[in-house]
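All chains are named by letter (A, B, ...) in the order of the sequence lines, taking the proteins before the strands, and each is independently numbered beginning at 1.
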Amino acid sequence: MSGFKSEFLKLLDERGYIHQASDLQGLDELLSKETVTAYIGFDPTGKSLHVGHMMGIMMLKRLQQAGHKPVVLIGGGTSRIGDPSGKDEQRQLLTDEDIAANMASIRSSFERYLAFGDGPADAVMVNNADWLDELRYIPLLRDVGRHFSVNRMLSFDSVRLRLEREQPLSFLEFNYMILQAYDFVELSKRLGVRLQMGGSDQWGNIINGIELGRRMAGIELFGLTCPLITTASGAKMGKTAAGAVWLNEDMLSSWDYWQFWRNTEDADVGRFLKLFTDLPMEEIARLEALKGSEINEAKKVLATEATAILHGRKAAEEAAETARRTFEEHAFASALPTVEVPAQELEEGMGVLAAFVRAGLCASNGEARRAVTNGAVKVNDRSVSDPHLVLGITDVTSEGVIKLSFGRKKHALLKPR
RNA sequence: GGAGGGGUGCCCGAGUGGUUAAAGGGGACGGGCUGUAAACCCGUUGGCUUAGCCUACGUUGGUUCGAAUCCAACCCCCUCCA
């Protein structure tokens, strides 16, 4: 599966993005001949995107790198239905206000990865609510519904699994695939889109769009999916101590984002470097060849490069430097997450447990208490064994802060104000 | 509409009157080993002003000295019948 002519497919292939495609040869042909417009759909179901969306975002980035035009489709219309794929329960329906707020909040993340504008290869963002909201039922049934066989729809994984497990599937959700297929055709008319990409779980939906395009409009569309990314030990990617790995800085700091990549499993480093950084292949090959504890070098590069794309080179290097001081020199680093507290509170005395909750390192006093009991808590790098310990102004170091540590990896600073 | 089965902690799942903040597993977190890895071993895993108190086994009420466990009504899910 190599020997592609087009720069885009070569890029995707050597970096490991290709899982399945509808007509690779035809697509390769097209991509090497003209500027192709391609899209991926994203549901505005949260305030921020997370690493689970990274594959899609990076594919669009590669597309643009190869000189083609990326379209970010926001599923403002379809997210009011909910994709039934792989879920046993119906998704909660979002209000229009939620969706609008989420869209605005997500947009800035895309701008980190893609250059938006009016040029031929500039990215654009569209919302399928713009056309789905206006659809009329009878015309839709006649124009689109006639091309869908219920027998076939029932055979798709997204539907079949629900039925087999005897989980309810509403008619609303059953329509999702029709609308997603319609999106593809509509985008081809509006923006000349020829290619839809997505995760492997979207294969069925993408194929539907391709067929609908042929039947409704006689146009030839293409589909390409990427593999579902799990860690080498099989876990779904994208969890940290703090929860999901969000892309919005206000939900996950660049420090935590850097840490997420730094903690990649050995066996994943090469793969992730290819997928999530812009480093040239030769450089990645060099890093991949490292053995044993040297792999840590590769992980640092991965963390810094991945963070630089999202939060900027400066923030990435600051995170790297903070990590170096904290973990390698066990020294003080002022760029650790810092929480300000009124100086008066410290003068009056603050319980260790409360301090850890305040700093966001523990969710409750109980958790902090257990952490102390387990010997996991340090203040100014000294172990704490007494949950009744009270921190005061005398605990403030010469740097003007109190350093709190939970375990070896989680640190924060308390700063009197 | 009728008959039966079921709703337990983040998830799965045991538990049928007190010894149950609730077995076991998964996940998560912490410790050990290491390299801020994996695997493995150990520990923790409702909240609080923690020798105690509060909240919790679909919801609401009841029986009882005492209920996740018994009773009633209601809500939701599943199976079979209409």
Just by distance, no angles: are the side chains of A:Gln196 and A:Gln202 close enough, under 3.5 Å, to form a donor-acceptor pair?
no
Report yes if at least one side-chain N or O of A:Lys409 is closer than 4.0 Å to OP1 or OP2 of B:A37; otherwise report no.
yes
Rounded distance (Å) that lies between atom C1' of B:U34 and atom CD1 of A:Ile295:
13 Å
Can you tabulate the close N/O pairs, meaning under 3.5 Å, that link protein atoms to atoms of nucleotides 48-53 of chain B?
residue, atom, partner, partner atom, Å
B:C48, OP1, A:Asn365, N, 2.9
B:C48, OP2, A:Gly366, N, 2.6
B:U49, OP1, A:Asn365, ND2, 3.4
B:U49, OP2, A:Asn365, ND2, 2.9
B:U50, N3, A:Arg369, NE, 3.4
B:U50, O4, A:Arg369, NE, 2.7

For the backbone of A:Ala101 and the side chain of A:Ser105, can you confirm whether one donor and one acceptor N or O come within less than 3.5 Å of each other?
no
Could you point out which residue of A:Ser364, A:Cys362, A:Pro387 forms a side-chain contact (heavy atoms from CB on, under 4.5 Å) with A:Arg369?
A:Pro387
Whichever of A:Arg408 and A:Gly375 has its nearest RNA chain B nucleotide further upstream toward 5':
A:Gly375
Would you indicate, yes or no, if B:G47 has its OP1 or OP2 atom less than 4.0 angstrom from a side-chain nitrogen or oxygen of A:Arg370?
yes
Identify which nucleotide among B:U44, B:U36, B:G35 has an atom closest to any side-chain atom of A:Asn374, counting heavy atoms from C-beta outward.
B:U44
May I have the step-by-step check of salt bridge (charged side-chain N to carboxylate O under 4.0 Å, His left out) for A:Arg112 and A:Glu249, ending in yes or no?
CA-CA 12 Å; A:Arg112 298 294 195 156; A:Glu249 171 114 46; 5.9 Å; no
Between A:Glu294 and A:Leu290 (side chain of the first, backbone of the second, donor and acceptor by atom type, cut-off under 3.5 Å), is there such a pair?
no
Quick check on contacts: within residues 300-322 of chain A, what sits under 4.0 Å from RNA chain B by heavy-atom distance?
none
Taking it one step at a time, do A:Phe110 and A:His53 satisfy ring pair (Phe, Tyr, Trp, His ring centres under 6.0 Å)?
CA-CA 11 Å; A:Phe110 281 110; A:His53 296 109; 8.2 Å; no
List, one per line, each side-chain donor-acceptor pair under 3.5 Å for residues 339-355 of chain A, sequence neighbours excluded.
residue, atom, partner, partner atom, Å
A:Glu340, OE1, A:Arg417, NE, 3.2
A:Gln344, NE2, A:Glu348, OE2, 3.0
A:Glu345, OE1, A:Arg358, NH1, 3.0
A:Glu345, OE2, A:Arg358, NH2, 3.1

Below 4.0 angstrom, N of the basic side chain to O of the carboxylate: do A:Arg325 and A:Glu321 qualify?
yes
What does B:G43 pair with, Watson-Crick or G-U, if both distances are under 3.5 Å?
B:C29
Value in whole Å for how far the C1' atom of B:G35 lies from CD of A:Glu265:
14 Å
Which one, B:U34, B:G35, B:U36, comes nearest to the side chain of A:Ser293?
B:G35
In a check of side-chain hydrogen bond (donor to acceptor under 3.5 Å, both in side chains) between A:Lys403 and each of A:Asn380, A:Thr326, A:Asp381, A:Thr397, which one passes?
A:Asp381
Quick check: on RNA chain B, is the nucleotide nearest A:Trp258 upstream (toward 5') of the one nearest A:Phe406, or the reverse? Name the residue that is more 5'.
A:Phe406
